[in-house]
Amino acid sequence: MRITTGMMASRSIAAINRSYELMNKYQTQLETQKKINRPSDDPVVAMKGVKNRADLAGIGQYIRNDTEADTWVDATDTAYDEAKKILQRLRELADNMANGTNTAVDREAAAKEISQLQQQMVDIANTQIAGNYIFNGTDIDVKPFTLNADGTVTFHQGDGSFDAVRVEVSRAGEFDSMLDVNSLPSAFFVPENSAGSQSEWGVIGANGVTAAGTIEFTVNGKTFNVELAVGDSTKTIMSKINQGAVENGVSPIAKLGTDANGDEILVLTAYTNNPAGNNMTMTFSGGLTIDGIGNTAPAVTNYQYDPDNGQLGLPQPTVFESINDLLNYVNGTQDNGEYFTSNALSHWLQTADQLIDRANLAVAEVGGKQNRLELITTRNDSTELFITKMLSENEDVDIEEVIMNLSIQESMHRASLAVSARVIQPSLLDFLS
């Protein structure tokens, strides 16, 4: 085969161009620190990179969701912690006011502090994160509670007030990947209806008890007796019933109410966690006779709470109603009778304990979410690190290797240029001479 000068020149130029391409490749790798810069460089690595980047983007969104969820949960935990401190302070005030030695000035000062604590509790219930109310379910743009001038609190319940705000926090099953980041108002502030028993005593006349005797109560499995004397009024009967209940480890069950005609009646209410069976019974003995009732105990109605079957139980008092009761007891505005002084305040201590227990249960629920979220966040961070490592191993260059290859290619390129110069250098005059 005859090798012409033109062929040698063409091959030299092709070799030089190839050398330029390799130098450009290594220089680009050094600049970008990536093995490939377009799919054609390595289609297999390119496809892996596309998948890894998609996974990385997904896990990045989960991590951002984790941060948002953590903000909600931490804010809820802080709110409950503040609520518990308020309840503990209210309990201290009730205990102090119950000793019967406080002056009118003392009661006024206590009432003012209770009013401020009541306002603070409402503010806690209206806690917001970035303009979203965290204690009103999915109705995050609706302020849930309003403190009225008379001390009552209005709950602005909407269609979504008892629906959970859910955030996808991990790559798992459809259910397992979701976390309820909010705490429903029913967890603490506005409890759901519960099973229990209730009895309304008819209007008791001015004579009250007309024949002394005993009432035997059984409330949630605990039995206690209440001795009534001739002349005991409605308020005195209520006081004795509640005193007997508290002394036997039962929450106060008696409270004044009004019937349809506006007349004063006595209402007995017992709550329970057991939706079945009778939660409260009462029996008159010893010839007990109460004016307006006779010697027969009033009927007791049992209420079961089963929302799945549409059966509603008894509405439990809200946190705000309980605080307002305490304020009225201290002010003496609810009633000036015997029960609504030291006895009422003493019994409110048990109410405070129940509210604190309810807050502790809510905190426990939030604590469970925090623990789960911490585990999820750790797993998501580890997954992000693993995917990033895979992406790096597939695409990132070995800097030392690239520098060495570039150096070798530069040497080869200089040699190629030198050889090509000697091949291409002769001209037509060289041949003619």
Side-chain angles (χ1 to χ4, degrees), residues 79-80 82-87 89-91 93-94 97 107-128 133-137 139 142-158 161-162 183-194 196 198 200 235 238 242 251-260 262-267 269 271 312-337 339-341 344-345 347-352 354-356 358-359 362:
Y80 281 143
E82 294 175 358
K84 286 174 59 178
K85 291 179 181 178
I86 289 176
L87 292 175
R89 178 54 183 162
L90 289 172
R91 194 186 189 287
L93 290 172
M97 290 294 104
R107 290 195 298 273
E108 182 181 359
K112 288 182 178 179
E113 183 174 355
I114 293 171
S115 295
Q116 292 299 314
L117 294 174
Q118 182 185 44
Q119 176 66 67
Q120 184 60 26
M121 185 67 80
V122 174
D123 290 343
I124 291 172
N126 289 327
T127 298
Q128 290 179 279
Y133 293 98
I134 67 174
F135 291 115
N136 201 23
D139 292 339
V142 178
K143 184 178 180 180
F145 300 100
T146 300
L147 179 61
N148 305 314
D150 60 356
T152 60
V153 174
T154 301
F155 174 40
H156 303 288
Q157 180 178 344
S161 293
F162 293 99
S183 185
L184 300 180
S186 56
F188 175 66
F189 297 104
V190 184
E192 293 180 334
N193 294 349
S194 67
Q198 192 169 69
E200 292 188 357
K235 287 186 286 291
M238 178 176 56
N242 284 323
S251 300
I253 61 174
K255 193 171 184 178
L256 289 181
T258 55
D259 61 12
D263 295 321
E264 184 179 79
I265 61 175
L266 189 60
V267 180
T269 306
Y271 297 99
L312 296 180
L314 295 168
Q316 294 194 61
T318 67
V319 172
F320 310 108
E321 290 172 339
S322 299
I323 296 176
N324 198 42
D325 284 344
L326 173 61
L327 182 60
N328 289 334
Y329 296 157
V330 172
N331 279 329
T333 56
Q334 183 147 332
D335 199 288
N336 292 321
Y339 175 70
F340 292 106
T341 53
L345 292 167
H347 296 158
W348 198 88
L349 298 179
Q350 191 165 31
T351 298
Q354 291 171 347
L355 293 177
I356 292 173
R358 190 191 301 172

List in chain and number order the residues that pass side chain to side chain donor-acceptor pair (under 3.5 Å) with Arg358, two or more places apart in sequence or in another chain; answer none if no residue qualifies. none
Can you tell me how far apart [atom1] ([X]) and [atom2] ([Y]) are? Round to the nearest 0.5 Å.
X: Asn126; Y: Thr146; atom1: CG; atom2: OG1; result: 7.0 Å
X: Met121; Y: Ile114; atom1: CE; atom2: CD1; result: 12.0 Å
X: Asp325; Y: Leu345; atom1: CG; atom2: CG; result: 11.0 Å
X: Tyr329; Y: Leu93; atom1: OH; atom2: CG; result: 15.5 Å
X: Ser115; Y: Asn331; atom1: OG; atom2: CG; result: 6.5 Å
X: Leu90; Y: Leu355; atom1: CG; atom2: CG; result: 9.0 Å

Polar side-chain atom of [X] near backbone of [Y] as donor-acceptor pair, under 3.5 Å:
X: Asn136; Y: Val142; result: yes
X: Asn242; Y: Ile253; result: yes
X: Glu200; Y: Ile265; result: no

Got [X] and [Y] here, is their nearest side-chain heavy-atom distance under 4.5 Å?
X: Ile323; Y: Thr318; result: no
X: Glu82; Y: Thr127; result: no
X: Leu349; Y: Arg91; result: yes
X: Phe189; Y: Pro144; result: no
X: Tyr271; Y: Pro317; result: yes

I need the minimum non-hydrogen distance between [X] and [Y], along with the two atoms involved.
X: Leu314; Y: Gly196; answer: CD1-C, 3.7 Å
X: Pro315; Y: Asn193; answer: CA-OD1, 3.1 Å
X: Gln118; Y: Phe320; answer: NE2-O, 4.3 Å
X: Gln316; Y: Glu192; answer: NE2-O, 3.4 Å
X: Leu184; Y: Ser161; answer: CD2-O, 4.2 Å
X: His156; Y: Phe145; answer: CD2-N, 4.2 Å

Please check if the distance between the ring centroids of Phe155 and Phe135 is under 6.0 Å. no
Please lay out, stage by stage, how Asp139 and Gln157 fare under the test side-chain contact (heavy atoms from CB on, under 4.5 Å). CA-CA 9 Å; Asp139 292 339; Gln157 180 178 344; over 6 Å; no
Report the C-alpha distance between Asn148 and Thr154 in whole Å, list the side-chain angles of each, state the deciding distance to 0.1 Å, and finish with yes or no for side-chain contact (heavy atoms from CB on, under 4.5 Å). CA-CA 7 Å; Asn148 305 314; Thr154 301; 2.9 Å; yes
